[in-house]
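Scroll down for the structure; my scribbles are underneath it.
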Amino acid sequence: MSFNKSWKEMEIGAVVKGGSGLLYKTGNWRSEKPIIDYTKCINCLICWALCPDSAILRKGNKVEVNYDYCKGCGICANECPTKAINMEKEEV
Amino acid sequence: MTLEYKPITKLSDLPEENLFTSGHRLCAGCGPAIVARLTLLATQEKPIVVNATGCLEVGSTLYPYSSWKVPWVHVTFENAAAVASGIVEALNKLASEGKTKEAPVIAIGGDGGTFDIGIQAISGALERGHKFLYICYDNEAYQNTGIQRSGATPFGAATTTSPAGRVIPGKQERKKDLIGIVLGHHIPYAATATIAYYRDYINKVRKALSYNGPTFIHVLAPCTLGWRYDPSKTVEISRLAVETKFFPIYEVENGSLKINFRVPKPKPVEEYLKTQGRFAHLFKPENRHLIEEIQKNVDENWARLERIEKAGPIF
């Protein structure tokens, strides 16, 4: 950047495309992975609403885990009212 | 713009599309990430978001990535409310000339950016009466720079600048009454909320956006790093904060206070404190009296809220 520019010639700042966070996968942060037992799932959507990583996908009222981004915090398993989600050790 | 208040009764009433995307670099089990997510699920129209410096901004927008699928601007710690005021007025002007359509404006700041550094700009914006919603996600310290105490850190909590040891047993001052401060500006709507009561929070965001004036929501968002607990307990701990009356959730509409969750059988505050490493030192024999003091403060605060509720409108 040249220091000879006036403020009128400066660029307006860093602008990035909305939602480009998706290009960065955070699934490898995980040491435990959530597994949904669909025989116990009642489609209440609580795990979907409370996943800090937006890694529980919702199709209608069905949910599934997106392991590309799940960091394995375990909030979904902890909050599931029917204990349908279990945290299992991640195998490398 | 003013939106009609449409409360949700179940989660399936919310849109499927997720405007706060995956791939952000906030911690596993981050409370503020849940706040951002629920906020964008709650808004019926795409909002313009102004984000003060803080965990949420640093973690969700590492250049050249952004997890926000809405117009979003980062501003410095102190002036989120000032920039939001400018955006509201610019939108009003452009909309009156037919050059753009209206959009709700939401400013989001952490407790550092709200309780301490941003309070001057917030006070100005609330006093001038711009139509916007300010959301303070409160994780009770400057967590992203390494857990320094803030005006929101509760009494007795250990942080790196109020460490528990031989000299002091954690922070020696009480938390600011933020809602008390914002109510001094006679705003039409102010509320507290927490992520465990997600339906309550979503409806509060919707209600706040239906008011024609400045509105304020203070939402407790636990921090796994600074509060020192297992990441899976984020929502559970925020629920315990309400069940022990440590963090009462209430709303003030046009000056009338209403406690939203009355806690039929309140748990002792000890139940909440023992879940977190930042309070571990309070359980040493020489510090036990501090737990009694915290319990006393909690009970007094609840009694104060009940008195205000009973007394009727405060302005």
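Below, read A as the first sequence line, B as the second, and so on, with proteins coming before strands; counting in each chain starts at 1.
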Can you tell which of [options] has the highest number of heavy-atom pairs within less than 4.5 Å of chain B?
| options | result |
| --- | --- |
| Gly27(A), Gly74(A), Ala49(A) | Ala49(A) |
| Asn66(A), Asn61(A), Leu57(A), Asp68(A) | Asn61(A) |
| Tyr24(A), Trp29(A), Tyr69(A) | Tyr24(A) |

So, [X] side chain and [Y] main chain: donor-acceptor pair closer than 3.5 Å or not?
| X | Y | result |
| --- | --- | --- |
| Glu16(B) | Gly60(A) | yes |
| Ser66(B) | Gly18(A) | no |
| Ser54(A) | Phe20(B) | yes |

Checklist entry - Which pair of heavy atoms, one from Arg58(A) and one from Leu14(B), lies closest together, and at what distance? => result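 Heavy atoms only, the tightest pair is NH1-O, 3.2 Å.
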
Checklist entry - When you measure from the centre of the six-membered ring of Trp48(A), is the NZ or CZ of Arg37(B) under 6.0 Å away and within 45° of the axis? => result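 Judged by the rule, Arg37(B) and Trp48(A) form a cation-pi pair.
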
Heavy-atom side-chain contact between [X] and [Y] under 4.5 Å:
| X | Y | answer |
| --- | --- | --- |
| Pro231(B) | Ile75(A) | no |
| His24(B) | Lys71(A) | yes |
| Ser12(B) | Leu45(A) | yes |
| Val16(A) | Pro64(B) | yes |

